[in-house]
Amino acid sequence: MVNLSQKTAVLLSLGGLLLLSACSSVSLVQEPERPVVAQTQEQEVEEVAAVAAPAAAPAATPAYQNTTVAQLQQLIQARSVQELRTAYNGRFGASLLFAADSMTYYVALFQQREFWRVFKTTDESLAERMYTQYRQDTVDYAAADLDRIKLQAEVAKAEKQLNESADQLTVLQNDLALQRQQEALAIAQREESRREAQALAEQEREAREQLRELQRQIKDLEQQRAGMLQRQKGR
């Protein structure tokens with residue numbers, strides 16, 4: 001025999017099945033209507049957007065303009081901050097600035113006076129630590145730049161020395177060429193002078209011989225004239 005509690009459990013189970021079946025029937029009846037409603041809403045949204053499109057608001061300001069960098073630039077332009085300290089390393093630098101009206105510290109890292117990174121705080125000790133870190137960052141970032149500057153100077157010095165050496169070499173080459181030219185000219189002149197001296201010596205020898213011959217002839221003539229005079233006196 002089935003007791004009362006068992007009958008109650010069976011009835012509840014049957015009731016649950018009937019309720020679930022009813023809900024499923026309702027869902028099957030109402031489900032096809034949902035896409036129609038959604039499609040109508042989408043059409044309404046598209047129509048509203050199409051009407052409102054010509055009067056759309058201008059594009060928002062780029063996010064990078066609303067930055068701590070931009071805030072600090074505005075404060076500097078308004079002369080609302082004071083520069084506490086600044087360190088430079090090559091093209092990089094770090095600055096610690098203070099806005100007295102808001103008791104705010106700004107730590108800036110910049111390159112060629114263009115802000116690259118800005119840290120904002122009201123904690124003085126934190127600002128000092130950040131400035132120390134940024135200052136070290138400038139040392140790290142500028143290391144290659146400083147090496148480049150030094151190497152450029154060394155290259156310029158080497159090129160200058162090269163040009164000077166080339167000029168010195170040209171001068172020495174010109175001096176040597178001139179010296180050789182002058183030496184060749186001196187040798188030619190010496191050779192010419194030697195030939196002229198030989199010619200003059202030959203001319204002198206010939207002149208002496210001619211002179212001796214003339215003197216001999218003169219002596220002979222004088223002797224002949226003296227002999228003739230003596231013969232004339234002896235008659």
Side-chain angles (χ1 to χ4, degrees), residues 59 61-100 102 104-201:
T61 304
Y64 61 84
Q65 292 187 2
N66 187 18
T67 60
T68 309
V69 172
Q71 294 176 8
L72 180 57
Q73 289 175 341
Q74 293 175 357
L75 291 173
I76 292 175
Q77 291 177 357
R79 297 184 178 180
S80 300
V81 291
Q82 294 180 350
E83 182 180 6
L84 300 183
R85 59 176 63 92
T86 297
Y88 291 94
N89 281 287
R91 296 180 297 173
F92 298 89
S95 292
L96 176 61
L97 304 102
F98 179 65
S102 61
T104 303
Y105 294 90
Y106 292 87
V107 187
L109 178 65
F110 55 87
Q111 178 183 5
Q112 292 181 337
R113 298 192 179 278
E114 291 293 333
F115 288 135
W116 184 10
R117 189 189 309 162
V118 175
F119 179 79
K120 175 183 177 182
T121 182
T122 56
D123 187 340
E124 181 180 1
S125 60
L126 178 58
E128 292 289 350
R129 291 197 301 271
M130 291 303 299
Y131 172 74
T132 302
Q133 177 181 340
Y134 280 14
R135 184 178 60 188
Q136 182 59 42
D137 289 342
T138 64
V139 175
D140 298 336
Y141 287 127
D145 195 30
L146 296 179
D147 290 340
R148 178 186 60 82
I149 293 173
K150 295 176 182 178
L151 288 175
Q152 282 182 343
E154 292 179 358
V155 169
K157 181 180 179 180
E159 290 179 349
K160 182 180 179 182
Q161 292 177 344
L162 180 62
N163 293 331
E164 291 176 351
S165 298
D167 293 340
Q168 184 178 3
L169 177 61
T170 301
V171 170
L172 291 176
Q173 289 175 343
N174 293 336
D175 289 344
L176 181 60
L178 180 60
Q179 182 178 354
R180 288 175 177 174
Q181 180 182 0
Q182 294 296 329
E183 184 178 0
L185 181 60
I187 293 174
Q189 290 177 349
R190 184 179 63 184
E191 185 65 22
E192 183 179 359
S193 297
R194 187 182 64 81
R195 290 194 299 267
E196 291 179 354
Q198 290 178 352
L200 291 173

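By convention here, the first residue in the shown sequence is residue 1.
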Among pairs that include at least one residue of [range], which meet ring-ring contact (aromatic ring centres under 6.0 Å, His included), considering only residues two or more places apart or in two chains?
range            : result
residues 145-185 : none
residues 146-166 : none
residues 133-162 : F92-Y141, W116-Y141
residues 71-91   : Y88-F110

Subject >> Residues forming a ring pair (Phe, Tyr, Trp, His ring centres under 6.0 Å) with Y105, sequence neighbours excluded >> reply: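 Ring pair (Phe, Tyr, Trp, His ring centres under 6.0 Å) list for Y105, sorted by chain: F98.
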
Original post:
What residues, two or more places apart in sequence or in another chain, satisfy salt bridge (charged side-chain N to carboxylate O under 4.0 Å, His left out) together with R195?
Top reply: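 R195: salt bridge (charged side-chain N to carboxylate O under 4.0 Å, His left out) contacts with E191.
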
**OP:** For D147, check salt bridge (charged side-chain N to carboxylate O under 4.0 Å, His left out) against everything at least two apart and list the hits.
**Re:**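 For D147, no residue satisfies salt bridge (charged side-chain N to carboxylate O under 4.0 Å, His left out) once neighbours in sequence are set aside.
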
**OP:** Please collect all salt bridge (charged side-chain N to carboxylate O under 4.0 Å, His left out) contacts where either partner lies in residues 158-173, sequence neighbours excluded, each pair once.
**Re:**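 Non-adjacent pairs meeting salt bridge (charged side-chain N to carboxylate O under 4.0 Å, His left out): zero.
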
Subject >> Within residues 104-119 or reaching into it, pairs that qualify as salt bridge (charged side-chain N to carboxylate O under 4.0 Å, His left out) - sequence neighbours excluded >> reply: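 Those involving residues 104-119 are R117-D137.
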
Original post:
Does L178 have any side-chain contact (heavy atoms from CB on, under 4.5 Å) partners at least two apart in sequence or in another chain, and if so, which?
Top reply: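 Result, side-chain contact (heavy atoms from CB on, under 4.5 Å) vs L178: Q181, Q182.
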
Original post:
Residues in side-chain contact (heavy atoms from CB on, under 4.5 Å) with R180, at least two apart?
Top reply: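 Listed in chain order: L176.
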
Original post:
Does any donor atom in the side chain of Q179 or D175 lie under 3.5 Å from an acceptor atom in the other side chain?
Top reply: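 Result is no, nothing qualifies.
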
Original post:
How far does CG of L146 sit from CZ of R91, to the nearest 0.5 angstrom?
Top reply: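 These two atoms lie 10.0 Å from each other.
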
Going by atom type alone, with no hydrogens or angles, which donor-acceptor pairs under 3.5 Å involve a side-chain atom of residues 120-130 and a protein atom two or more places apart or on another chain?
from : atom 1 : to   : atom 2 : distance (Å)
K120 : NZ     : Q71  : OE1    : 3.4
T121 : OG1    : D123 : N      : 3.0
D123 : OD1    : S125 : N      : 3.1
D123 : OD1    : S125 : OG     : 2.8
D123 : OD1    : L126 : N      : 3.4
E128 : OE1    : R85  : NH1    : 2.9
E128 : OE2    : R85  : NH1    : 2.9

Original post:
Between I76 and F115, is a side-chain contact (heavy atoms from CB on, under 4.5 Å) present by the stated rule, with each step listed?
Top reply: CA-CA 12 Å; I76 292 175; F115 288 135; 3.4 Å; yes

Subject >> Q136 and T132, any side-chain heavy atoms less than 4.5 Å apart >> reply: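 Not touching, per the 4.5 Å side-chain cut-off.
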
**OP:** Taking the side chain as every heavy atom from C-beta outward, state whether L72 and L97 have any atom pair closer than 4.5 Å.
**Re:**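 L72 vs L97: side chains touch.
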
Original post:
Of the non-hydrogen atoms in G90 and A142, which two are nearest, and what is the gap between them?
Top reply: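 Answer, listing the atom of G90 first, then A142: N-CB, 4.2 Å.
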
Subject >> Closest approach of A108 to V118 (non-hydrogen atoms, all atoms of both residues) >> reply: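 Shortest heavy-atom contact: CB-CG2, 4.1 Å.
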
Original post:
How about E196: does its CD atom have over 12 heavy atoms from other parts shown lying under 6.0 Å from it?
Top reply: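 More than 12 within 6.0 Å, yes.
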
